[in-house]
Amino acid sequence: MATNRTFTMIKPDAVGAGHTGAIIKMIEEAGFRIVAMKLTQLTPERAGQFYAVHKERPFYGELCAYMSSGPIVPMILEKDNAVADFRELIGNTDPKKAAEGTIRRLFAKDISANAIHGSDSDENAAIEGRFFFAETDMF
Ligand code: IDP
Ligand code: MG
């Protein structure tokens, strides 16, 4: 995957609350092009694989249960400086600390159900994109 791509998923709280369209609109208006997208749901096992890096953290069980609790919308996005710019657009992990106008500040419920994921590096963006999409899905 090129380094001007990032991976995101709209999380179950935001999909369930009907914020999918508003969040996609913000993503596109911020200059990101959607390269791949679908609506799907993780099993607890697959949520555990996705967040394996956090398996020693105290919230890991809660996170896997939450992330498999309803539909999600994973996407691959393209833009110059995609990873860093997207992290800025979504804001701090804790919506109470997220800047005004960020997606998490606008739509997240709390630090766990925080509306949206954004990859933290080019390497993880590629790994996470491949977790949900075959190479042939990324046009
Ligand atoms: P990030 O999503 O902003 O990169 P990470 O530290 O990588 O934040 O954590 C991954 C996800 O785990 C968060 O988006 C959130 O859903 C959940 N999480 C992080 N910290 C906590 C916590 O202290 N309590 C509950 N859930 C948390
Ligand atoms: Mg992270």
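Note: hydrogens, waters and symmetry copies are ignored here, and every other heavy atom, side chains too, is used. Read the numbers this way: they start at 1 and go in the same order the structure lists the ligands and their atoms. On a predicted model such as this, the values are computed, not experimentally measured, just so you know.
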- Task: Give the residue, atom name and distance (to 0.1 Å) of the protein heavy atom nearest atom 10 (C) of ligand 1.
- Result: His54 NE2, 3.5 Å
- Note on the structure: Of Leu63, Ile116, Asp13, the residue with the heavy atom nearest atom 11 (C) of ligand 1 is Leu63
- For atom 16 (O) of ligand 1, the protein heavy atom that lies nearest, with its residue and separation: Ser112 O, 2.9 Å
- For His19, check ring-ring contact (aromatic ring centres under 6.0 Å, His included) against everything at least two apart and list the hits. Phe107
- Among protein heavy atoms, which lies nearest atom 2 (O) of ligand 1, and at what distance? Arg104 NH2, 3.0 Å
- Item | CD/Glu88: more than 12 non-hydrogen atoms of other groups inside 6.0 Å | no
- Message: When you measure from the centre of the six-membered ring of Phe133, is the NZ or CZ of Lys38 closer than 6.0 Å and no more than 45° off the axis?
- Response: yes
- Taking only heavy atoms of Asn114 into account, list the atoms of ligand 1 that are under 4.0 Å away from them. 13 (C), 14 (O), 15 (C), 16 (O)
- Check each heavy atom of Lys11 against ligand 1 and say whether those closer than 4.0 Å belong to the side chain, the backbone, both or neither. side chain
- Looking only at non-hydrogen atoms, the one of Tyr51, Phe50, Phe59 nearest atom 18 (N) of ligand 1 is Phe59
- Message: Donor-acceptor pair, distance only, cut-off 3.5 Å: does the side chain of Tyr60 make one with the backbone of Tyr51?
- Response: no
- Task: Report the part of Ile111 (side chain from C-beta onward, or backbone N, CA, C, O) that has a heavy atom under 4.0 Å from ligand 1; answer both or neither where that applies.
- Result: both
- Message: Going by salt bridge (charged side-chain N to carboxylate O under 4.0 Å, His left out), name the residues that satisfy it together with Glu56, two or more places apart in sequence or in a different chain.
- Response: none
- Is the Lys NZ or Arg CZ of Arg46 less than 6.0 Å from the centre of Phe132's six-membered ring, within 45° of the axis? yes
- With a 4.0 Å heavy-atom cut-off (strictly under), which part of Arg87 contacts ligand 1: side chain, backbone, both or neither? side chain
- Item | Heavy-atom donor-acceptor pair, Arg104 side chain to Ile116 backbone, under 3.5 Å | yes
- Message: Looking at ligand 1, would His117 count as a contact under a 4.0 Å heavy-atom criterion?
- Response: no
- Task: List the closest protein heavy-atom neighbour of atom 6 (O) of ligand 1: residue, atom name, distance to the nearest 0.1 Å.
- Result: Arg57 NH2, 3.8 Å
- Task: Among all protein heavy atoms, pick the one closest to atom 8 (O) of ligand 1 and tell me residue, atom and distance.
- Result: Thr93 OG1, 3.3 Å
- Query: Would you find a donor on one side and an acceptor on the other, under 3.5 Å apart, between the side chain of Glu78 and the backbone of Asn4?
  - Reply: no
